[in-house]
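Report on the structure given below.
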Amino acid sequence: ANTMWAFATAGVAAETLFGAIAGAAENRIRDFNPQDMANTVWAFATAGVAAKALFGAIAGAALNRIGDFNPQDFANTVWAFACVGWAQHDLFAALGSAILRRFGELNDTEKSQLYLV
(Lines give C-alpha, C1' and ligand atoms only; values in the text may rest on other atoms or scores of the structure.)
Protein backbone atom coordinates (compact mmCIF):
# COMPACT_ATOMS: atom_id res chain seq x y z
CA ALA A 1 0.00 0.00 0.00
CA ASN A 2 2.81 2.43 0.83
CA THR A 3 4.63 1.88 -2.47
CA MET A 4 1.47 2.52 -4.48
CA TRP A 5 0.66 5.56 -2.36
CA ALA A 6 4.14 7.00 -3.04
CA PHE A 7 3.90 6.50 -6.81
CA ALA A 8 0.37 7.93 -6.94
CA THR A 9 1.34 10.93 -4.81
CA ALA A 10 4.30 11.59 -7.11
CA GLY A 11 1.96 11.43 -10.12
CA VAL A 12 3.66 8.37 -11.61
CA ALA A 13 1.17 5.79 -12.87
CA ALA A 14 3.77 3.03 -13.52
CA GLU A 15 1.08 0.72 -14.88
CA THR A 16 3.33 -2.34 -15.00
CA LEU A 17 4.28 -1.92 -11.37
CA PHE A 18 0.68 -1.24 -10.34
CA GLY A 19 -0.45 -4.32 -12.27
CA ALA A 20 2.08 -6.53 -10.52
CA ILE A 21 1.18 -5.10 -7.14
CA ALA A 22 -2.54 -5.52 -7.83
CA GLY A 23 -2.08 -9.21 -8.55
CA ALA A 24 -0.04 -9.75 -5.41
CA ALA A 25 -2.40 -7.67 -3.27
CA GLU A 26 -5.48 -9.61 -4.39
CA ASN A 27 -3.98 -12.71 -2.82
CA ARG A 28 -3.20 -10.93 0.46
CA ILE A 29 -6.35 -8.90 1.09
CA ARG A 30 -7.03 -10.93 4.24
CA ASP A 31 -3.85 -9.39 5.69
CA PHE A 32 -4.91 -5.80 4.92
CA ASN A 33 -6.18 -3.56 7.67
CA PRO A 34 -8.70 -0.79 6.83
CA GLN A 35 -5.93 1.76 6.25
CA ASP A 36 -4.18 -0.60 3.83
CA MET A 37 -7.45 -1.07 1.94
CA ALA A 38 -8.18 2.66 1.83
CA ASN A 39 -4.65 3.63 0.79
CA THR A 40 -4.57 0.96 -1.90
CA VAL A 41 -7.81 1.98 -3.61
CA TRP A 42 -6.89 5.66 -3.18
CA ALA A 43 -3.52 5.09 -4.87
CA PHE A 44 -4.99 3.20 -7.83
CA ALA A 45 -7.76 5.78 -8.31
CA THR A 46 -5.32 8.68 -8.02
CA ALA A 47 -2.93 7.11 -10.52
CA GLY A 48 -5.81 6.30 -12.88
CA VAL A 49 -4.86 2.63 -13.02
CA ALA A 50 -7.77 0.24 -13.51
CA ALA A 51 -7.68 -2.85 -11.30
CA LYS A 52 -11.22 -4.26 -11.23
CA ALA A 53 -10.29 -7.55 -9.59
CA LEU A 54 -8.36 -5.78 -6.84
CA PHE A 55 -11.18 -3.31 -6.23
CA GLY A 56 -13.62 -6.22 -6.08
CA ALA A 57 -11.47 -8.02 -3.52
CA ILE A 58 -11.12 -4.86 -1.43
CA ALA A 59 -14.87 -4.17 -1.66
CA GLY A 60 -15.60 -7.61 -0.23
CA ALA A 61 -13.01 -7.24 2.51
CA ALA A 62 -14.21 -3.73 3.37
CA LEU A 63 -17.77 -4.97 3.84
CA ASN A 64 -16.49 -7.46 6.40
CA ARG A 65 -14.33 -4.91 8.26
CA ILE A 66 -16.42 -1.73 8.00
CA GLY A 67 -16.63 -1.40 11.78
CA ASP A 68 -12.85 -1.07 11.96
CA PHE A 69 -12.62 1.89 9.56
CA ASN A 70 -11.73 5.32 10.89
CA PRO A 71 -13.04 8.55 9.31
CA GLN A 72 -10.07 8.94 6.97
CA ASP A 73 -10.44 5.33 5.82
CA PHE A 74 -14.13 6.02 5.04
CA ALA A 75 -13.37 9.20 3.10
CA ASN A 76 -10.50 7.75 1.06
CA THR A 77 -12.37 4.54 0.28
CA VAL A 78 -15.61 6.19 -0.81
CA TRP A 79 -13.73 8.74 -2.89
CA ALA A 80 -11.60 6.10 -4.62
CA PHE A 81 -14.49 3.78 -5.47
CA ALA A 82 -16.51 6.73 -6.79
CA CYS A 83 -13.57 7.91 -8.91
CA VAL A 84 -13.30 4.58 -10.70
CA GLY A 85 -17.06 4.41 -11.26
CA TRP A 86 -17.63 1.47 -8.94
CA ALA A 87 -21.33 0.70 -8.80
CA GLN A 88 -21.65 -1.94 -6.07
CA HIS A 89 -24.67 -0.78 -4.07
CA ASP A 90 -23.86 -2.95 -1.03
CA LEU A 91 -20.48 -1.29 -0.50
CA PHE A 92 -21.77 2.28 -0.79
CA ALA A 93 -24.79 1.52 1.40
CA ALA A 94 -22.60 0.02 4.15
CA LEU A 95 -20.06 2.83 3.96
CA GLY A 96 -22.80 5.45 3.88
CA SER A 97 -24.52 4.01 6.95
CA ALA A 98 -21.23 3.79 8.85
CA ILE A 99 -20.31 7.36 7.89
CA LEU A 100 -23.68 8.69 9.05
CA ARG A 101 -23.29 6.95 12.42
CA ARG A 102 -19.85 8.51 12.89
CA PHE A 103 -20.24 11.78 10.97
CA GLY A 104 -19.28 13.88 13.98
CA GLU A 105 -15.85 12.24 13.97
CA LEU A 106 -15.00 13.44 10.44
CA ASN A 107 -12.82 16.51 10.09
CA ASP A 108 -13.44 19.19 7.47
CA THR A 109 -11.03 17.63 4.96
CA GLU A 110 -12.75 14.25 5.18
CA LYS A 111 -16.17 15.88 4.84
CA SER A 112 -14.95 17.81 1.81
CA GLN A 113 -13.63 14.64 0.23
CA LEU A 114 -17.03 12.98 0.72
CA TYR A 115 -18.73 16.05 -0.71
CA LEU A 116 -16.72 15.60 -3.92
CA VAL A 117 -18.21 12.15 -4.35
Would you please classify the geometry between the Trp86 ring and the Phe55 ring as parallel, tilted or perpendicular, with 30° and 60° separating the classes?
-> tilted

Any chance you could measure Gln35, atom CD, to Asn70, atom CG, to the nearest 0.5 Å?
-> 7.0 Å

Reported CG-to-CD1 distance for the pair Leu91 and Ile66, which is rounded to 0.5 angstrom | 6.5 Å

Applying side-chain hydrogen bond (donor to acceptor under 3.5 Å, both in side chains), name anything that partners Asn64, two or more places apart in sequence or on another chain.
-> none

Please name the pair of heavy atoms, one in Arg65 and one in Pro34, separated by the smallest distance, quoted to 0.1 Å.
-> NH2-CD, 3.4 Å

Looking only at heavy atoms, the pair that brings Thr40 and Phe32 closest together is OG1-CE2, 3.5 Å

Rounding to 0.5 Å, atoms CG (Leu100) and CG (Leu95) come to a distance of 11.0 Å

Indicate the ring-plane relationship of Phe74 and Phe69, choosing parallel, tilted or perpendicular according to the 30° and 60° boundaries.
-> parallel

Answer yes or no: does atom CG of Asn27 have more than 12 heavy-atom neighbours from other residues, nucleotides or ligands under 6.0 Å?
-> yes

Among residues two or more places apart or on two chains, list those pairs meeting side chain to side chain donor-acceptor pair (under 3.5 Å) that have a residue in residues 94-103.
-> Arg102-Glu105

Atom of Val41, atom of Thr77 and distance for their closest heavy-atom approach = CG2-CA, 4.1 Å

Is the shortest heavy-atom distance from the side chain of Phe44 to the side chain of Leu54 under 4.5 Å?
-> yes

With Arg28 via side-chain hydrogen bond (donor to acceptor under 3.5 Å, both in side chains) - residues at least two apart | Asp31

